[in-house]
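Here is the structure we will look at, set down as structure tokens.
Order of listing sets the numbers, starting from 1, for every ligand and every atom in it.
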Amino acid sequence: MDYEKLGQEAIAQIGAASDLDALEALRVALLGKQGSVSALLKTLGGLTPDERKETGPKIHSLRESVTGALANRKEALEAAQMEARLASETVDLSLPAPESPRGSVHPVSQVMDELAEIFADLGFAVATGPEIEDDWHNFTALNMPESHPARAMHDTFYFPADGGEMNPPAGGNATRMLLRTHTSPVQVRTMLAQGAPLRIIAPGRVYRSDSDATHTPMFHQVEGLVIDRDIHLGHLKWTLETFLKAFFERDDIVLRLRPSYFPFTEPSVEVDVGFALETGPDGKARRVLGGSGDAPGHAWMELLGSGMVNRRVIEFAGLDPDQWQGFAFGVGVDRLAMLKYGMDDLRAFFDGDVRWLRHYGFSAFDQPTLSAGVGARL
Ligand code: PHE
């Protein structure tokens, strides 16, 4: 058989392949499992050693030249294809950006920006702390010693101890790591780091093992803390009233303070806010804040927890409670967003559904400012 001629024919065919698809078809026909060159290679097995010595090198060099020709042709065709694309494709930089794939600011971020703006005007700085917290900062320093019953209410996510078990040891362990269950540990961290006086808010993520329409395992809180001399409950009430009026952009916000209990505040106050049910544009009833909860058609709704910082917490944080007092509060950011902007299912906040984000998200240009208004338009 004239292997050289076979090779020349194959190479001519390869050179004539006009596109990458035709070239691939040729490659399969020549070198594929059922290909003609592959078939020749298989005949080697049936030859005598002498015949093989004579024919083997010819078949192998045939295969090599075919392989080389295929690679060269492929490179040439790809280069030509790229040339054609570069010649035909253009970018018109003067076209307006397309309307649909537009990012938006998540309501949680928007509300956190609004809070920072409102509290900055009252002289508060923004503080942060770690989401992976230790037992001491999350509980003990907040006057919840080991085996304090309030710990059980927090449905804490603990990290496995060195031994691998997930539940906290019976005696407690100050260095045991957990996902913080509230933003209150930032109170302790900030007092330890900065001393007094102090005015901060601490927004951030918190975690509890709980999940239904109004609870998600991760949610957002903002903590407020003021430490100074001669601070009393009146300062707390004024601050909350001023904040809520600015946030909801209404002067008729009415608060009701109720005695309550938190281990880290004494006295503790639960704060309720008056609201009325109104029919929204979608025909659904929604809560609109404003007015006394005792007025006709109105009711009270629990909004946040607060109180005077317990002197034991001030001691744990390295300050002298005879010199320094203060108040603290904690409020759900997601909850604030739902009340202000009218969402009714908390879980949707964390679904990442672009349709929801497109509807409830905010323009990045709609920065909250006190001069232009802290509320954004949906
Ligand atoms: N940390 C409390 C909670 O998560 C809220 C709170 C903060 C109450 C500060 C009082 C003072 O429920």
Tell me, which protein residue and heavy-atom name are nearest atom 5 (C) of ligand 1, and how many Å apart are they?
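Nearest protein contact, heavy atoms only, for atom 5 (C) of ligand 1 is Gly330 CA, 4.0 Å.
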Check this for me - ligand 1, [X], N or O atoms closer than 3.5 angstrom, yes or no?
| X | result |
| --- | --- |
| Ser184 | yes |
| Gln221 | yes |
| His182 | yes |

Per-atom contacts, ligand 1 versus Ser306 - under 4.0 Å to a heavy atom
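Answer for ligand 1: 8 (C), 10 (C), 11 (C).
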Residues, nucleotides or ligands: over 12 heavy atoms within 6.0 Å of Arg205 CZ
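It does not: Arg205 CZ has 12 such atoms or fewer within range.
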Is the number of heavy atoms from other residues, nucleotides or ligands under 6.0 Å of Arg229 CZ greater than 12?
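Yes.
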Can you classify the ring geometry of His182 versus Phe264 as parallel (below 30°), tilted (30 to 60°) or perpendicular (above 60°)?
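It falls in the perpendicular class, over 60°.
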Could you label the plane-to-plane angle of the Phe327 and Phe329 rings as parallel, tilted or perpendicular, counting under 30° as parallel and over 60° as perpendicular?
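Parallel: the ring planes of Phe327 and Phe329 meet at under 30°.
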If you measure from the Lys or Arg side-chain nitrogens to the Asp or Glu carboxylate oxygens, is any gap between Glu24 and Lys74 under 4.0 Å?
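Looking at Lys74 together with Glu24, the answer is no, because their closest N to O distance does not fall below 4.0 Å.
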Does Arg208 come within less than 4.0 angstrom of ligand 1, counting non-hydrogen atoms of the residue?
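Under 4.0 Å: yes for Arg208.
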Apply salt bridge (charged side-chain N to carboxylate O under 4.0 Å, His left out) to the pair Asp2 and Lys58, showing each step before the final yes or no.
CA-CA 9 Å; Asp2 188 347; Lys58 291 184 184 166; over 6 Å; no
Taking non-hydrogen atoms only, is Phe264 closer than 4.0 angstrom to ligand 1 via side chain, backbone, both or neither?
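It is the side chain that touches ligand 1; the backbone stays farther off.
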